[in-house]
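Atoms considered below: every heavy atom in the structure, side chains included; atoms not considered: hydrogens, waters and symmetry mates.
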Amino acid sequence: MLSPTELIFVLSAIAIAGGVKGVFGIGFPTTAIALSSILIDARLAVTLVTLPILSTNTLQIFFGPNPADIFRRYWKLLALMMPIALVVAFLSTEVPTTILTVIIALMIIAFALVSMTQWAPRIPERLDGPAQLTTGAVSGVVAGLTLLWAPPMMVYLLSRQVDRKELIGVLGLTLGVGTLPVLVGYVANGNLTGSTLTLSALLVPVAVIPQVLGELVGRRIAPQRFRGYLLWMFLIFGFVLLARGVFF
C-alpha cells in the first residue's frame with residue numbers, strides 16, 4: 001500500500017503530530033494530514049489517521065475537566081455532529097480526491113488563521129444552544145470528509161472564551177466521541193478495511209507515546225513562540241495543498 005519511503009514519512013508525520021497534540025492540546029489531525037498529504041494521497045492520509053485521532057482524543061479526556069461535566073454542557077453539539085459525520089463519512093467516497101484535497105487545504109488554512117488571530121465573535125449564554133447545534137452540524141460535515149474538526153470547533157470555543165483546560169477537555173471528549181461515527185462510516189464504505197485498518201491501528205502507539213511526552217513537556221514550558229512557528233507552517237502547508245488540488 002505504501003512504499004518504504006512513504007511509510008517512514010507517514011510514521012514521522014504521526015509522531016510529530018502526537019507531540020504537537022500533547023504540547024498544545026490541539027493540532028493532531030491538522031499536523032498529521034498536512035504532513036502526510038505532501039507525499040501520499042489525501043484520502044489515504046485521512047483514512048490512516050482515523051484510529052490515531054480516536055486514541056489521542058480519548059487519552060486527552062484525562063488531561064481535561066470531568067468528562068461528565070463536559071458532556072452535560074456540550075451534548076447539543078454532539079447531538080448533530082455524530083449522525084451528520086456518520087452519513088458524510090459513508091458518502092465521502094463520492095467526493096473526488098482533488099476536491100477533497102482542496103477542502104483539506106482550506107480547513108488547514110482556516111485553522112491557522114483562526115488560531116493566529118484568536119478572533120471570534122462573542123456568543124452570549126442565551127445563544128449557546130443554537131451555537132452548539134450550528135457548530136455540531138458544520139463539524140459533522142467537515143469531519144466526515146476530512147477528520148479536521150479544529151476550524152469550526154476553535155471558532156466556537158474562542159467565541160465562548162473557554163480556558164485552556166476546558167478547551168482541551170471539550171476537544172478531547174467531542175472529537176473522541178465524534179470520531180466513532182466517522183470510523184463506522186469509513187469501515188462501511190470500504191475505506192478503512194484490511195491493510196488500511198491494520199496500518200491505522202499500528203499508528204496508534206506512534207501517536208500516543210509522543211502525545212504523552214508532549215503533555216509532560218507542555219506543562220513545564222510556555223511554548224508561544226514555537227506555537228507561532230507551527231501555525232505559520234500550517235498556513236504554508238495549507239497553500240501548498242491548495243495548489244496541489246487546484247493545479248495538479
Side-chain angles (χ1 to χ4, degrees), residues 1-22 27-59 85 88-108 111 142-150 175-176 179-180 182-214 230 233-234 236-248:
M1 180 175 61
L2 295 177
S3 70
T5 300
E6 290 172 335
L7 180 59
I8 293 172
F9 193 85
V10 170
L11 289 170
S12 301
I14 296 297
I16 292 170
V20 169
K21 176 78 166 178
F28 179 84
T30 309
T31 306
I33 294 172
L35 289 174
S36 299
S37 296
I38 294 174
L39 202 60
I40 69 173
D41 177 80
R43 191 185 306 280
L44 179 59
V46 171
T47 302
L48 291 179
V49 300
T50 305
L51 291 179
I53 288 175
L54 177 62
S55 302
T56 54
N57 281 298
T58 300
L59 180 62
V88 174
F90 179 73
L91 298 175
S92 63
T93 53
E94 304 300 322
V95 179
T97 301
T98 52
I99 294 178
L100 185 64
T101 303
V102 170
I103 293 173
I104 291 172
L106 292 175
M107 289 300 101
I108 292 172
F111 170 71
V142 172
L145 288 174
T146 68
L147 279 173
L148 293 173
W149 309 86
L175 275 60
T179 300
L180 288 172
V182 178
L183 187 154
V184 172
Y186 286 173
V187 170
N189 68 17
N191 274 353
L192 191 62
T193 56
S195 59
T196 55
L197 180 60
T198 301
L199 182 53
S200 185
L202 292 174
L203 291 174
V204 168
V206 179
V208 168
I209 293 172
Q211 179 191 5
V212 174
L213 296 175
L230 184 71
M233 180 190 77
F234 285 159
I236 293 169
F237 283 162
F239 281 110
V240 168
L241 285 178
L242 185 62
R244 176 180 171 183
V246 172
F247 299 112
F248 299 98

Margin query: On a heavy-atom basis, which atom in Y186 and which in A143 lie closest, and how many Å separate them?
Written below: OH-O, 4.0 Å
Check: So, for G27 and F234, which heavy atoms are closest and what is the spacing to 0.1 Å?
Finding: O-CZ, 4.2 Å
Next item on the list: Identify the heavy atoms of N57 and K21 that sit nearest to each other, and give their distance.
Entry: OD1-NZ, 2.7 Å
Margin query: Determine whether L2 and L44 satisfy the following criterion, side chain to side chain contact (heavy atoms under 4.5 Å, CB included), listing intermediate values before the conclusion.
Written below: CA-CA 10 Å; L2 295 177; L44 179 59; 3.7 Å; yes
Item checked: Student check: side-chain heavy atoms of T30 and M107 closer than 4.5 Å -> no
Note to self: Nearest 0.5 Å, please: how far is CG in L241 from CD1 in I236?
What the structure shows: 12.0 Å
Item checked: Atom pair CG/OG1 of L39 and T5 - distance to nearest 0.5 Å -> 7.5 Å
Item checked: Contact summary for A188 and F90, nearest pair of heavy atoms -> CB-CD1, 3.7 Å
Check: Do L48 and S36 come within less than 4.5 Å of each other through their side chains, counting heavy atoms only?
Finding: no
Next item on the list: With the side chain counted from C-beta on, respond yes when T179 and T58 share a heavy-atom pair under 4.5 Å apart, and no when they do not.
Entry: no
Check: In Å, rounded to the nearest 0.5 Å, how long is the span from CG of L202 to OG of S195?
Finding: 11.0 Å
Notebook entry, point to check: Run the side chain to side chain contact (heavy atoms under 4.5 Å, CB included) check on I103 and L148 step by step: do they pass?
Noted result: CA-CA 10 Å; I103 293 173; L148 293 173; over 6 Å; no
Margin query: Show, in sequence, the C-alpha distance, side-chain angles and deciding distance for I38 and F9, and conclude whether the side chain to side chain contact (heavy atoms under 4.5 Å, CB included) test is met.
Written below: CA-CA 9 Å; I38 294 174; F9 193 85; 4.3 Å; yes
Check: If we only count heavy atoms from C-beta on, is the L175 to I53 side-chain gap below 4.5 Å?
Finding: no
Check: What heavy-atom pair brings A32 and I14 nearest, and what distance separates the two atoms?
Finding: CB-CD1, 3.9 Å
Margin query: Just verifying a value: how many Å separate N191 CG and T50 OG1, rounded to the nearest 0.5 Å?
Written below: 8.5 Å
Note to self: Within this structure, what is the CD-CG distance for the pair E94 and L145, rounded to the nearest 0.5 Å?
What the structure shows: 11.5 Å
Next item on the list: Please report the shortest heavy-atom distance between S92 and G144, naming the atom on each side.
Entry: CB-O, 4.0 Å
Notebook entry, point to check: Got a second to check how far L11's CG is from E6's CD, nearest 0.5 Å?
Noted result: 12.0 Å
Notebook entry, point to check: Please walk me through it: do L203 and L51 pass side chain to side chain contact (heavy atoms under 4.5 Å, CB included)?
Noted result: CA-CA 8 Å; L203 291 174; L51 291 179; over 6 Å; no
Notebook entry, point to check: Just wondering, do I33 and T146 contact through their side chains at under 4.5 Å, heavy atoms?
Noted result: no
